[in-house]
Amino acid sequence: MSHPLPASSDALRRAAETMHAVRDRCVWTQRIGHDDLVPYLQEEAAELVDAVETGTRGDLKEELGDLLWQVLFHAEIASRDESDPFDIDDVADALAEKMIRRHPHVFGDAIATTPEEVLVHWNAAKAAEKKTRTSVLDGVSTHMPSLALAQKMLGKAAQVDVVPAPAPAALASEAELGDALLALVAFARSEGWDAERALRQRLRTLADAVRAAESS
């Protein structure tokens, strides 16, 4: 017996209802939990980056949809949790409320005429929301790719005046930076070293330095 697809004039609602139907009727989907979805989420995010950087408009639309499906999937799983359920509407409402708080120059009386002033409002609102955090590193995910994590942590470290030594050679462009990074990885490979592990180990010492500066 066939089941019709959900019909709705609201495309996002139709997508959510489609996810609900799949969860109800697909035996593979019924067995999937939040942890099981993590590799798919990472893969879809990576494919979206590819679409942004080198894909067509069609690729971008498709990959945005695939990533949205992951959000809908997680929300559908969460909606059936016995102890603390929430659904996609709860996720969307919480997001809207947070964005309204963080844009007082759009939804309130605050004024911001430059990107720097916008960032001041954003950081102030975020700090008010995260009062329980004790370090600038709190909330930084160590599951980020190591280079992205390094860039994020360096920004946080600068807030407490922890600045690693500068690079030994001046670089004039991102292309030259790419060449230098590739050369470093090639050197690591020739020595039998793990470049990923080396950077992550260095980031751990940077985190120690940041926390030491915060406690001093």
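These numbers come from the heavy atoms of this one structure, side chains and all, not from hydrogens, waters or symmetry mates.
Every salt bridge (charged side-chain N to carboxylate O under 4.0 Å, His left out) that Arg200 has, sequence neighbours left out, goes to Glu196. Residues passing the side-chain contact (heavy atoms from CB on, under 4.5 Å) test with Ala198: none are found, sequence neighbours excluded. With sequence neighbours excluded, the residues satisfying side-chain contact (heavy atoms from CB on, under 4.5 Å) with Arg197 are Asp194, Gln201. Scanning for side-chain contact (heavy atoms from CB on, under 4.5 Å) contacts around Ala157 gives Val162, Leu206, Val210, with sequence neighbours left out. Scanning for salt bridge (charged side-chain N to carboxylate O under 4.0 Å, His left out) contacts around Asp89 gives Arg13, with sequence neighbours left out. Residues meeting the side chain to side chain donor-acceptor pair (under 3.5 Å) test with Asp81, sequence neighbours left out: Ser83. Residues passing the salt bridge (charged side-chain N to carboxylate O under 4.0 Å, His left out) test with Arg202, sequence neighbours excluded: none. With sequence neighbours excluded, the residues that form a salt bridge (charged side-chain N to carboxylate O under 4.0 Å, His left out) with Arg102 are Glu129.
A donor-acceptor contact shorter than 3.5 Å links the side chain of Asp59 to the backbone of Thr56. A donor-acceptor pair is defined here as one N or O able to donate and one able to accept, closer than 3.5 Å; such a pair exists between the side chain of Asp138 and the backbone of Thr134.
Distance CD/Glu82 to CG/Asp84: 12.0 Å, rounded to 0.5 Å. Taking CZ of Arg204 as the start and CG of Leu199 as the end, the distance is 10.0 Å to the nearest 0.5 Å. A distance of 8.5 Å separates CD in Glu17 from CG in Asp10, rounded to the nearest 0.5 Å. The structure places CD of Gln159 at 11.5 Å from CG of Leu154, a figure rounded to the nearest 0.5 Å. Atom CD1 of Ile77 and atom CZ of Phe86 lie 10.0 Å apart (nearest 0.5 Å).
Note on Leu147: it does not cluster hydrophobically with Val185, by side-chain heavy-atom contacts below 4.5 Å among ILVMFWY residues. Under a hydrophobic clustering in which Ile, Leu, Val, Met, Phe, Trp and Tyr are joined whenever their side-chain heavy atoms come within less than 4.5 Å, directly or via other members, Leu72 and Leu67 fall into different clusters. Residues Leu12 and Leu60 do not share a hydrophobic cluster, defined by chaining ILVMFWY side chains whose heavy atoms lie under 4.5 Å apart.
Its side chain within the 4.5 Å cluster rule, Ile100 clusters with Val106, Phe107 among the Ile, Leu, Val, Met, Phe, Trp and Tyr residues. Members clustered with Trp122: Leu95, Met99, by chain and number, using a 4.5 Å side-chain heavy-atom cutoff among hydrophobic residues.
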Practice problem: List the steps and the verdict of side chain to side chain contact (heavy atoms under 4.5 Å, CB included) for Val22 and Trp69. | Solution: CA-CA 11 Å; Val22 170; Trp69 185 255; 4.1 Å; yes

Practice problem: Run the numbers on Val71 and Ile88 for side chain to side chain contact (heavy atoms under 4.5 Å, CB included), then give the verdict. | Solution: CA-CA 8 Å; Val71 175; Ile88 191 63; 4.1 Å; yes

Quiz item: Checking side chain to side chain contact (heavy atoms under 4.5 Å, CB included) for the pair Leu149/His143: CA distance, chi angles, key distance, verdict?
Solution: CA-CA 8 Å; Leu149 178 59; His143 289 90; over 6 Å; no

Practice problem: In sequence, state the C-alpha distance, the side-chain angles, and the governing distance for Ile111 and His105, and then conclude on side chain to side chain contact (heavy atoms under 4.5 Å, CB included). | Solution: CA-CA 5 Å; Ile111 297 174; His105 56 292; 6.0 Å; no

Quiz item: After noting the C-alpha distance and the side-chain angles of Asp66 and Lys61, does the key distance pass the salt bridge (charged side-chain N to carboxylate O under 4.0 Å, His left out) rule?
Solution: CA-CA 9 Å; Asp66 288 346; Lys61 180 171 66 174; over 6 Å; no

Practice problem: Could you go through the side-chain hydrogen bond (donor to acceptor under 3.5 Å, both in side chains) check for Thr205 and Asp208 one step at a time? | Solution: CA-CA 5 Å; Thr205 65; Asp208 290 342; over 6 Å; no

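The shortest heavy-atom contact between Val140 and Lys156 is CG2-CE, 4.0 Å. Residues Leu137 and Arg211 share a closest heavy-atom pair of CB-NH2, 3.7 Å. Of all the heavy atoms in Ala188 and Ala195, the pair that sits closest is CB-CB, 4.1 Å. For the pair Arg101 and Ala125, the tightest heavy-atom approach, listed with the atom from each and the gap, is O-CB, 3.7 Å.
Residues Met144 and Lys152 meet the side-chain proximity criterion, which asks for heavy atoms closer than 4.5 Å. Between Arg80 and Gln30 there is no side-chain heavy-atom pair separated by less than 4.5 Å. Between His20 and Arg25, every side-chain heavy-atom pair lies at or beyond the 4.5 Å cut-off. Side-chain contact between Asp87 and Glu76: absent, with no pair of heavy atoms (C-beta onward) separated by less than 4.5 Å.
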Quick one: side chains of residues 34-54, donor-acceptor pairs under 3.5 Å with protein atoms, not counting sequence neighbours, listed by atom name and distance.
| from | atom 1 | to | atom 2 | distance (Å) |
| --- | --- | --- | --- | --- |
| His34 | ND1 | His74 | ND1 | 2.8 |
| Asp36 | OD2 | Gly33 | N | 2.8 |
| Thr54 | OG1 | Asp50 | O | 3.0 |

Compile the donor-acceptor pairs under 3.5 Å between side chains in residues 172-184 and protein atoms, sequence neighbours left out, one pair per line.
| from | atom 1 | to | atom 2 | distance (Å) |
| --- | --- | --- | --- | --- |
| Ser173 | OG | Ala175 | N | 3.4 |
| Ser173 | OG | Glu176 | N | 3.2 |
| Glu176 | OE1 | Ala172 | N | 2.9 |

